[in-house]
Amino acid sequence: MPKTTLALFVLISQLAMLLQPIAAEPVVKKPVLHWCLDHFPRFHEFQGRGLPTGPSVAVMQELANRVGFDINYSPKTPLARCFRQMSTGEADLMINLNFTEERDRLMYLFPYNETIPESLYLRKDDLRLIDQISQLSPLILVTVRNYIYNPTLMALIKNQKEQHIEVDSIEAGFELLRKGRVDGLIAPTQSSLEVIRNNPSLHYQFRKAALTFRFGKPRYINIGFSRKSKHLYLKDQIEQAVALMKEDGTVERLYQLPDGGKQYLVSDKEQLQNR
């Protein structure tokens, strides 16, 4: 075969090879994890029929991107039902959870952000300066049933049973306080501010005491991963990703919250002016 013919044959063969369709890489499907969530104003909210929005959603989406899974969002679901689903593996994930031993039996709990301490609310015309735990002793206090308070705080309150009332909701606690039936309401800060913001009848009726409920070791809210999940092979990756997001400032950046109902509280400055 003449050299020119051979060279032409080789060239044509190479072109033919280049024009062959390249076999597509097999598409690896991402695992889909079911996130069970309620309506938690300012953290994860359902507006209309769309997907939930809020800082919790941003945190969970970032976690999914880092680990490599997709999220199946539940509709707005009562918290008790979410816990039942986590116990069976029907749901894989929850967020914004305080630690309890019962929850720890249902799911792995990965701390990702420091808990905001509870707040003590007083009536707007109660001019007492309360900034020490010891000053709680003579007060009749109301707390919210089934909320997971700081254990140290609850131990202190339960030591004075005769001056402690439990109610089913933050709204009910504010109502008792407004009517003067108790001296103070101890409630989760963000949720209570949201209640005030959404209820005009509560605007400018209360002030927040100077007392801060911090007891040495910080408490954290957690992301929960079901111990019955079909995707337990992701457990270590999720745990590591959550820890890294906490350390590198991602959680802090994503968890910037608006002031909520703070503007509807009576400030200490206003109280001094009204004396």
Side-chain angles (χ1 to χ4, degrees), residues 38 40-44 54-56 79 94-103 109 111-124 126 128-161 163-178 181-199 202 205-222 251-252 255-268:
D38 60 346
F40 189 4
R42 299 172 66 229
F43 288 89
H44 44 265
S56 300
L79 207 56
M94 290 181 70
I95 197 170
N96 275 302
L97 298 173
N98 284 319
F99 178 91
T100 69
E101 291 183 359
E102 182 181 6
R103 292 173 181 181
L109 292 167
Y112 70 97
N113 201 26
E114 190 170 345
T115 303
I116 300 170
E118 295 85 357
S119 293
L120 171 62
Y121 293 95
L122 307 171
R123 286 184 299 280
K124 65 178 181 179
D126 187 339
R128 287 174 290 187
L129 173 63
I130 298 177
D131 59 1
Q132 301 293 325
I133 291 290
S134 58
Q135 293 174 281
L136 297 179
S137 298
L139 303 182
I140 299 175
L141 299 171
V142 60
T143 59
V144 182
R145 188 178 290 112
N146 295 326
Y147 172 72
I148 307 301
Y149 285 87
N150 186 304
T152 305
L153 173 61
M154 284 312 295
L156 289 170
I157 293 174
K158 287 183 177 180
N159 280 338
Q160 48 190 70
K161 290 182 181 178
Q163 295 168 282
H164 175 218
I165 298 172
E166 281 190 318
V167 292
D168 290 329
S169 68
I170 295 171
E171 293 91 334
F174 275 127
E175 190 62 20
L176 286 181
L177 181 58
R178 189 176 66 84
R181 295 178 183 174
V182 296
D183 297 308
L185 164 67
I186 300 177
T189 297
Q190 298 297 340
S191 298
S192 55
L193 289 174
E194 187 66 17
V195 167
I196 291 173
R197 185 173 75 87
N198 290 329
N199 290 271
L202 301 179
Q205 299 300 309
F206 311 102
R207 68 184 185 88
K208 196 152 53 161
L211 179 62
T212 301
F213 294 114
R214 291 190 181 276
F215 301 94
K217 186 178 179 182
R219 294 172 69 223
Y220 289 90
I221 50 173
N222 300 269
V251 171
E252 184 178 1
Y255 248 67
Q256 298 298 318
L257 294 171
D259 284 342
K262 283 183 182 178
Q263 68 268 36
Y264 300 119
L265 293 172
V266 175
S267 69
D268 289 337

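- Judged by distance alone, with hydrogens and angles left aside, the side-chain atoms of Y149 form a donor-acceptor pair with the main-chain N or O of I186 at under 3.5 Å.
- A pairwise comparison of heavy atoms in T189 and K208 identifies CG2-NZ, 3.9 Å as the closest pair.
- Annotation for N146: atom CG does not count as buried by contact number, only 12 or fewer foreign heavy atoms lying within 6.0 Å.
- The minimum heavy-atom distance linking R207 with V266 is given by the pair CB-O, 3.0 Å.
- In this model, a donor atom of one side chain and an acceptor atom of the other lie less than 3.5 Å apart for Y121 and S192.
- Rounding to the nearest 0.5 Å places CZ of F43 at 6.5 Å from CD1 of I221.
- A210 approaches D131 most closely through the heavy-atom pair CB-CB, 4.0 Å.
- Between D183 atom CG and L136 atom CG the span is 10.5 Å, to the nearest 0.5 Å.
- With hydrogens and angles ignored, the 3.5 Å screen pairs no side-chain donor or acceptor of R178 with any backbone N or O of F206.
- Within the 4.5 Å cutoff, the side chain of R103 has no heavy atoms near those of the N222 side chain.
- Here the side chain of Y220 pairs no donor or acceptor atom with the backbone of F99 at under 3.5 angstrom.
- If you take CD1 on I165 and CD1 on I157, they are separated by 12.0 Å, rounding to the nearest 0.5 Å.
- Smallest separation of non-hydrogen atoms from P151 and R219: CD-NE, 3.9 Å.
- Not one N or O on the side chain of E118 forms a donor-acceptor pair closer than 3.5 Å with the backbone of F213.
- Summarising the geometry, atom NZ belonging to K217 is positioned 10.5 Å from atom OG1 belonging to T152; distances are rounded to the nearest 0.5 Å.
- Within the 3.5 Å criterion, the main-chain N or O of V195 finds no donor-acceptor partner in the side chain of E171.
- Between the side chain of R197 and the backbone N or O of Y264, no donor-acceptor pair lies under 3.5 Å.
- Atom CZ of R181 is surrounded by 12 or fewer heavy atoms from other residues, nucleotides or ligands within 6.0 Å.
- Among all heavy-atom pairs drawn from V167 and A172, the shortest one is CB-CB, 4.0 Å.
- Residue E252 qualifies as open at atom CD: its count of foreign heavy atoms under 6.0 Å is 12 or below.
- For G184 against L122, the heavy-atom pair with the smallest separation is CA-CD2, 4.4 Å.
- Rounding to the nearest 0.5 Å places CG of L185 at 9.0 Å from CG of L141.
- Between the side chain of Q205 and the main chain of L202, no donor-acceptor pair closer than 3.5 Å is present.
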